[in-house]
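The next block holds one structure in the form of structure tokens; read it before the comments.
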Amino acid sequence: MTSPNTQTSSGVKSKKSNLVEIQNYIGGRYVPAASAATFETINPATGEAHGRVAHGTAGDIDQAAQAAQKAYESGPWARMSYAERAKVVAAIGDLILKNREKLALAETTDTGKPISESFDGDILRSAQNFHFFSQFASTFAEETYSASENERHIAVREPVGVCGLITPWNLPLYLATWKIAPALMMGNSIVLKPAEWTPYTATLLGEITKEAGLPDGVYNVVNGFGANEAGEALTRHPLVRSISFTGETSTGKAIMGAAAGTLKKVSFELGGKGANIIFADADLSEAIPTAVRAAFRNQGQICLAGSRLFVERPIYDQVVEKMVALVKAIKVGDPTKSDTQMGALISAEHMEKVMSYLVIGKAEGRLECGGERLSDLGPGNFLSPAVFTGLGIKSRFLQEEIFGPALPIIPFDTEEEAIALANDSPYGLSASIWSSDINRIHRVSRGIKAGMIWVNTWFARDLRTPFGGQKSSGLGREGGRYSLEFFSEAKTISYKYKG
Ligand code: NAD
């Protein structure tokens with residue numbers, strides 16, 4: 001991979017203005033938007049533009065979809081064996097690791113997240129997505145049924161064709177590769193529309209895929225915006241046969257409507273408002289620091305965040321006191337420094353939204369700590385992590401996804417009440433339960449309407465397990481064979497033979 005700061009033919013290069021040029025990647029080449037329009041991408045920690053991005057629109061999506069369709073129909077990729085594809089997919093993972101530092105810096109520049117999270121979290125996990133699916137896909141068994149002695153019915157899996165991927169800004173490369181790797185392993189071609197706030201790493205991935213040996217046109221990136229722009233054009237394009245989307249619930253609804261016109265398959269990973277429940281019999285030495293991480297990692301901008309903390313009454317005061325002490329000690333600052341624990345929020349606009357919830361929290365409850373705009377850190381979007389008590393479950397603070405560093409703590413008296421509080425939400429993505437009573441853990445896990453439950457932990461993942469949400473948190477599942485099923489079509493071939 002070439003350096004983003006030197007003149008290269010890669011399409012990611014510095015200009016006189018010192019802005020990195022982030023183009024589209026179509027048919028194996030970096031290209032400007034057809035209209036030549038660009039927009040600036042801002043470093044959330046400095047408030048300054050760091051890149052000039054191709055402003056792709058419907059015409060660019062069409063170009064990318066045509067390139068992807070051509071690669072799918074005429075190229076070797078869709079017809080390769082799993083083993084042949086696995087070599088290339090694993091090589092992409094290897095090259096991500098080789099370029100880990102550069103990619104981590106690009107991710108931190110785009111998102112404002114601490115470099116340690118980019119390096120040890122996002123970029124490492126992106127490589128793992130490729131390594132995992134390169135291996136796992138070969139275990140994806142086809143089915144055979146035998147209705148009688150001289151009949152066989154075989155369900156084979158074939159590529160979908162051109163897959164549209166639309167991704168958010170909070171874990172840019174991590175979530176994009178979670179879709180790209182299985183889509184590639186199943187022989188598809190891809191058109192990716194990354195979030196407009198974070199186009200950098202998905203674009204850099206273009207040259208990595210090329211170096212790894214992926215045929216031109218199999219991986220395409222169109223940068224640009226969502227509604228009425230490139231994102232929506234992708235959801236309406238007739239050559240695009242499926243949409244895998246991660247983002248806000250309201251966007252998922254809009255995409256579902258738009259995709260209906262061409263009857264695309266859809267898979268949605270949407271918003272969350274995770275319950276984190278601590279019972280009095282929990283190991284608090286684990287539960288409390290994990291609750292802090294669950295609420296504030298990535299500046300609280302994680303769909304799986306434990307963003308509502310419910311604590312059993314006998315330990316409530318003790319937990320609030322310890323949480324506040326730990327939260328006050330979180331080091332907020334320059335995300336490129338290795339000891340920074342919390343960086344900047346993605347945009348000034350998003351910070352305003354988070355601050356509007358802080359106003360609600362202060363009016364309806366009690367601010368225990370934080371909730372300040374940290375202007376002394378410069379013009380970046382820095383907020384001190386906030387803890388609130390005294391809020392009611394029906395408050396907008398608890399019902400809506402804030403997606404920022406603001407945690408409410410609520411006491412409860414009984415197991416039934418804890419389940420009812422956890423379920424009093426339009427979302428159902430994930431929840432954590434902290435207890436040493438296995439029977440209670442079982443009852444509460446079964447009682448909570450969510451796609452993923454953690455017991456005495458948070459964020460633990462095995463990539464073979466289904467990932468996704470219930471209620472307003474999603475539609476369908478990704479992970480392991482669930483991803484491979486989504487990124488393939490089942491075809492039944494029935495044989496009759498003599499013998
Ligand atoms: P968003 O919905 O605003 O944008 C996501 C992507 O959709 C972007 O690429 C955007 O350009 C595109 N888009 C927007 N409108 C579109 C439209 N009408 N048609 C097609 N594309 C469109 O979400 P965001 O603000 O980038 O991300 C934050 C949200 O993502 C939060 O709600 C968070 O919970 C959710 N999220 C969910 C998961 C999960 O796995 N469930 C993971 C991460 C983030």
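Count residues from 1 along the sequence. Quick note: numbers below take in every heavy atom, side chains included, and nothing from hydrogens, waters or symmetry partners. Numbering of ligands and ligand atoms starts at 1, following listing order.
- Using a 4.0 Å threshold on non-hydrogen atoms, atom 4 (O) of ligand 1 does not count as touching the protein.
- The protein atom (non-hydrogen) at minimum distance from atom 12 (C) of ligand 1 is Ile166 CG2, 3.6 Å.
- Contacts with ligand 1 closer than 4.0 Å are made by no heavy atom of Leu234, backbone or side chain.
- When heavy-atom distances to ligand 1 are checked against a 4.0 Å cut-off, Glu401 comes that close only through its side chain, counted from C-beta outward.
- Inclusion of Thr246 in the set of residues having an N or O under 3.5 Å from an N or O of ligand 1 is not warranted.
- Counting heavy atoms under 4.0 Å from ligand 1, residue Thr167 touches it through the backbone alone.
- Looking at Leu270 next to ligand 1, an N or O pair under 3.5 Å apart turns up.
- Between Asn170 and ligand 1, no N or O atom pair is found at a separation short of 3.5 Å.
- Legend: residues meeting salt bridge (Lys or Arg N to Asp or Glu O under 4.0 Å) with Lys210, ordered by chain and number and at least two apart, are Asp216.
- At under 3.5 Å, not a single nitrogen or oxygen of Ser473, backbone or side chain, sits near a nitrogen or oxygen of ligand 1.
- Among all non-hydrogen protein atoms, the one lying nearest atom 38 (C) of ligand 1 is Cys303 SG, 2.9 Å.
- Considering only non-hydrogen atoms, atom 28 (C) of ligand 1 lies nearest to Phe403 out of Phe467, Tyr174, Phe268, Phe403.
- The salt bridge (Lys or Arg N to Asp or Glu O under 4.0 Å) check on Lys179 picks up Glu478, with sequence neighbours excluded.
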